[in-house]
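This report refers to the structure that appears directly beneath it.
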Amino acid sequence: TDPQRIRNFCIIAHIDHGKSTLADRMLQLTGVVDQRQMRAQYLDRMDIERERGITIKSQAVRMPWTVREGGLAGEPYVLNMIDTPGHVDFTYEVSRSLAACEGAVLLVDAAQGIEAQTLANLYLALENDLHIIPVLNKIDLPAAQPDKYAEELAHLIGGDPADCLRVSGKTGEGVPELLDEIVRQFTPPTGDPAAPPRALIFDSVYDIYRGVVTYVRMVDGRIEARDRLTMMSTGATHELLELGVISPEPTKSPALGVGEVGYLITGVKDVRQSKVGDTVTALGRPAAEALGGYSDPKPMVYSGLYPIDGSDYPALRDALDKLKLNDAALAYEPETSAALGFGFRCGFLGLLHLEIIRERLEREFNLDLISTAPNVVYRVELEDDTEHIVTNPSEYPTGKVAAVCEPVVRATVLTPNDFVGAVMEICQNRRGKLLGMDYLSADRVELRYTLPLAEIIFDFFDQLKSRTRGYASLDYEPSGEQSADLVKVDILLNSEPVDAFSAIVHKDKAYAYGVQLTTKLRKLIPRQQFEVPIQAAIGTKIIARENIRAMRKDVLAKCYGGDITRKRKLLEKQKEGKKRMKMVGRVEVPQEAFIAALSTS
Ligand code: GTP
């Protein structure tokens, strides 16, 4: 295809603002999917995505479109719509799919206005020099206030409120006009057709039948069906088994040229061999320089995952091996815990990533799991000049600590005016530093903070939602590290540390953590033959203490508060007969007590 006739774009939208519905409508209007084939939300393939209503993996679809009247009318164009993931944990994947586009449709629910996540992705798009078409969606809703939000969008990106398009993905109103504007406003791709090929990988998906399917945007040159390919970050070469475009099913094609978007299949079995952000070139005519912007995904949040039934350990390992094929950001290694047995310490991009993996393990692989409280990665410098990277609090180095560094993020919170006070209080309580504050419109405020990541992964989002009645939205991106007054708190049972409960916390919060955990464990651990102290300690200093008195009692009789379904599960487990006991020193503790203590926190 002549690059002049190609338009590559993505849709930036907050969850639930209607991206999938609009994408479906476009597929239908361009004739790529007919009414009969029309599956709801064609682009979201995985079940979990559909159920949770989020898009995790980006994909691309090619659509023909001919402008009906006005400028550029009558000529056929090729539109490549590149789907971007919509959540805070996947910023890097978003940035790579944006890099594959010339333009972005900024889709905003006309009854809600723009949200923090959308704002963050809008800034990413502007950094990538994308042209933006502002679009208000769901104008069929009685609650829609398109005039109000058109003002807000114009204020944000410049331009006239009248330039903001108004559509309904549901009824289709305004969507053909949007397709026309995509052709008119977005620039065609530019690239050197005679240069050695360079293609940007913006997504990489494992398919059980085909192996890894790599989605690319050609920048320079051509890749042909007979080429051998080189991945420029590693120099690894792969045979090209198939190449093509998605429209909406994969369709083979003989070559991909400048500006085209398509897929490559090389027979590799692991997405780590075909990484998002990497540059693909041809072995026979290799490019000298890779495209910019490549970086390795780096886990930000760690948690221990343990099978509730110890005999599931090999199954858990197999399941993680399988998920890894499709997830270059998932990291894990075996770990043993005195309290929980054999499991894995897993690294994730963020909390949502953790939840998705955990849910897939439970649902697709039928595993019952317990996870330890998530923690961030700490860098500990000792006075003997050694440095330790700590991904598991129970492996905190011994020795005199010179400094502890923790990751920080730049957070953006959007909130109605009325809740500014509440938001500030939450952020301040979590060691946030206010960077700035702007009014997007008369009643909506953008607050920018730096916050320790550790404070965000611990129920920040829930707090924010409940204190602002669901109106505030949050986005954040990594922003280096800071040294802080952090200590490791151990929980001791009869003077033996229980590894699963060790935590690294700010000095000012150590006491509260100690009291909370010792109280909780006292209620959960049955009485023993002898009196057992439960203590919280920083080093050798005891900061809290409870006692379990002698004699026995039922575990769950006292397991109140917290998650009902989890408790019901525990009861079922117990009914199954086996009461798995763990010995911590001389103390016999049912594993269920540890699980309950972890899951109700
Ligand atoms: P994610 O996939 O989670 O990012 O969500 P999404 O932005 O793709 O939203 P989706 O298309 O799933 O739509 C969210 C909800 O809004 C669904 O219940 C849709 O039926 C509804 N919706 C989408 N577009 C419109 C519209 O134009 N009008 C009305 N009334 N409802 C819409």
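The residues of the chain are indexed from 1 along the displayed sequence. On a predicted model such as this, the values are computed, not experimentally measured, just so you know. Ligands are counted one by one from 1 in listed order, and the atoms in each one are counted from 1 as well.
- Applying the 4.0 Å criterion to heavy atoms of N137 picks out, from ligand 1, the atoms 24 (N), 27 (O).
- Between atom 25 (C) of ligand 1 and the options H17, K138, Q117, the minimum heavy-atom separation is to K138.
- Salt bridge R184/E181: present, at least one basic N to carboxylate O contact under 4.0 Å.
- No side-chain donor-acceptor contact under 3.5 Å links H14 and N121.
- At least one N or O atom of G18 sits closer than 3.5 Å to an N or O atom of ligand 1.
- Near I15, meaning under 4.0 Å from one of its heavy atoms, ligand 1 places the atoms 3 (O), 4 (O).
- Comparing R25, K170, E173, K19 by heavy-atom distance to atom 29 (C) of ligand 1, the nearest is K170.
- Near H14, with a cut-off below 4.0 Å to any heavy atom, the atoms of ligand 1 are 7 (O).
- By the criterion of a heavy-atom distance under 4.0 Å, both the backbone and the side chain of S168 are placed next to ligand 1.
- Note: no N/O pair closer than 3.5 Å links V167 and ligand 1 by distance alone.
- Side chains of Y471 and D418: no donor on one and acceptor on the other come within 3.5 Å.
- R217 and E102 are joined by a salt bridge, as a carboxylate oxygen and a charged side-chain nitrogen come within less than 4.0 angstrom of each other.
- Within the model, atoms CZ of R360 and CZ of F365 stand 6.5 Å from one another, a figure rounded to the nearest 0.5 Å.
- Between L156 and L440 there is a side-chain heavy-atom pair separated by less than 4.5 Å.
- Relative to atom 8 (O) of ligand 1, the option among G174, A23, S20 with the closest non-hydrogen atom is S20.
- Residue contacts with ligand 1, taken as heavy atom pairs separated by less than 4.0 Å, involve D16 via backbone and side-chain atoms alike.
- Applying the side chain to side chain contact (heavy atoms under 4.5 Å, CB included) rule to N80 yields the partners I6, N8, R62, V78, V261; only residues at least two apart in sequence or on another chain are considered.
- Each of the atoms 30 (N) of ligand 1 lies under 4.0 Å from some heavy atom of L141.
- Annotation: cation-pi pair R5/Y77 present, NZ/CZ under 6.0 Å from the ring centroid and within 45° of its normal.
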